[in-house]
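What follows is a short report on a single structure.
So that the names make sense, note that chain A is the first sequence line, chain B the second, and so on, each numbered from 1.
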Amino acid sequence: MASLRVEIVTPESALWTGDATGLMARSSEGQFTILPQHTATVGDVVPGVVRVATSSGEVAFCVHGGYFQVGPGEEPGVTRATVLAGIAERVGDIDVARASRAKETLEAQLASPGDLDDLSRAQLTGALARAELRLRAAQH
Amino acid sequence: MAGGQERILRRRIKSVQATRKITKAMELIAASQIARSQARIAANRPYREGMQRIIREAASADPAAARKMLATPEKVDVAIVLVIVGDRGLSGPYNSSALRAGDRLVHMLQHQGTRVRLFTVGKKAPAFFRFRGLDVEQSFTGFADRPTFADARAVAAALAAPFVAGEVQQVLLVSTRFVSAGSQVVESEQLLPLVMPNDMEVAAPTGLKGYTEFEPEVEQLLTELAPRALESEIFSALLEGAASFHTSQQRAMAAATDNADELGQTLSRIMNRARQDSITTEIMEIVGGAEALRSGK
């Protein structure tokens with residue numbers, strides 16, 4: 001029987017591994033869904049929510065940009081889908097209070113006309129985008 | 001006098017025992033860190049392998065685009081050398097062997113007429129290279145014990161910028177690889193242009209089990225992937241360096257503890273003998289005095 005093995009991995013840990021019925025995410029070319037027997041594909045994942053449908057319900061992940069690869073798995077009939085993300089977390093694990101606090105501090109820092117160089121400004125903007133994405137993901 | 005010597009010895013034994021307590025504590029701390037840092041290497045493996053898989057797929061699909069990112073340049077005018085060591089000492093040969101290997105590599109490159117820009121990770125590196133008259137362009141410190149991915153990102157960003165701008169043609173890494181708990185090896189390898197994990201020509205036919213789709217196009221994907229792959233490689237080097245550091249420190253501190261034990265034993269033997277000697281002398285003096293008194297009667 002055709003099945004799909006999904007791995008959501010970050011550099012620090014393998015966030016989630018398991019059998020799934022589908023994987024939904026968004027790449028720079030648009031929304032896509034991976035089902036068992038999907039053709040071999042390599043692409044990017046834009047920051048957003050990645051949903052994994054399993055036989056026992058849906059698991060959602062907040063992925064802050066990364067890549068995905070679909071290919072044949074080790075056993076015949078198994079399709080392997082890997083999502084590689086620099087930063088990612090389960091939507092259920094998001095600390096809403098912390099994210100909104102971070103959002104406020106970052107917005108204040110960016111708004112203040114301080115002597116920020118380009119690098120730290122880019123870092124703050126990136127962190128703000130992550131905080132906003134977490135809040136959006138947690139609301140759904 | 002004999003009593004004075006005894007006091008000196010007692011003081012030395014105390015100091016050896018105090019040192020032993022420190023080395024023993026450091027040994028135990030390092031030992032507890034080994035397991036943790038090994039677990040972190042294991043946790044990083046799926047990501048690293050996934051990244052290598054993607055690069056391999058992309059590279060075999062469009063060799064022309066891949067050549068730009070992957071081929072070794074024929075002539076290297078300027079090269080970056082990144083040396084990864086620890087923030088702390090007392091870790092046996094861990095720091096010095098990586099530093100010496102880095103020093104050798106720099107000299108070899110300079111001998112070939114390549115200008116070297118030196119980047120380092122770990123507090124122990126800048127002093128070493130400055131002493132040898134080599135300028136360290138940028139040094140990262142404070143995270144060698146427990147590197148996070150954000151640290152790897154910062155290092156990668158500093159290395160990738162001059163490469164992307166075309167200022168340097170090659171980025172090399174000298175670090176300690178954690179082969180197993182019993183063996184850590186200092187290795188130098190090329191970070192940029194990216195190196196295929198396995199030989200690309202060999203991997204190409206097996207990697208192509210069919211037609212692989214790409215979104216976005218391979219060329220664009222590879223350009224964006226290269227910095228991510230660099231981050232991943234640097235992160236795994238940092239993790240393996242940290243594990244090697246803790247292993248090395250545990251071993252060094254275990255040896256130091258053993259030495260302190262041995263020294264303490266030797267010293268207390270000498271002290272006991274000195275004490276016994278002074279007692280014997282005292283008895284002899286008393287007996288001699290009594291004998292003299294009796295014969296004088």
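- Counting only residues at least two apart or on different chains, no salt bridge (Lys or Arg N to Asp or Glu O under 4.0 Å) pair has a member in residues 24-36 of chain A.
- Contacts of B/E231 with chain A are absent, with no heavy-atom separation under 4.5 Å from either backbone or side chain.
- Here A/T10 is the residue among A/V83, A/T10, A/T82 with the most heavy-atom pairs under 4.5 Å with chain B.
- Contacts of B/L225 with chain A are made by both backbone and side-chain atoms, with heavy-atom separations under 4.5 Å.
- Of all non-hydrogen atoms in B/L221 and A/V42, the two that sit nearest each other are CD2-CG1, 3.5 Å.
- Contact annotation: the side chain of A/Q123 never approaches that of B/R153 to less than 4.5 Å [non-hydrogen atoms, C-beta and beyond].
- Taken from OH in A/Y67 to CD in B/E224, the straight-line distance is 5.0 Å, to the nearest 0.5 Å.
- The residue from A/I8, A/V9, A/T17 that alone fulfils the side-chain contact (heavy atoms from CB on, under 4.5 Å) condition with B/P46 is A/V9.
- The contact between A/S28 and chain B is made entirely by side chain atoms (from C-beta outward), counting heavy-atom distances below 4.5 Å.
- Sorted by first and then second residue, the side chain to side chain donor-acceptor pair (under 3.5 Å) pairs involving residues 137-147 of chain B (not counting sequence neighbours) are B/R88-B/D145, B/R117-B/E137.
- Residues of residues 94-104 of chain A lying under 4.5 angstrom from chain B, judged on non-hydrogen atoms, do not exist.
- Of the atoms belonging to B/F149, heavy atoms from both backbone and side chain fall under 4.5 Å from chain A.
- Between atom CZ of residue A/R80 and atom CZ of residue B/R53 there is a gap of 3.5 Å, rounded to the nearest 0.5 Å.
- Atom-to-atom distance recorded for A/Q69:CD and B/F214:CZ is 9.0 Å, nearest 0.5 angstrom.
- Partners of B/S236 by side-chain hydrogen bond (donor to acceptor under 3.5 Å, both in side chains), not counting sequence neighbours, listed by chain and number: B/R48.
- Contact annotation: the side chain of A/F68 never approaches that of B/I54 to less than 4.5 Å [non-hydrogen atoms, C-beta and beyond].
- The contact between A/E12 and chain B is made by backbone and side chain atoms together, counting heavy-atom distances below 4.5 Å.
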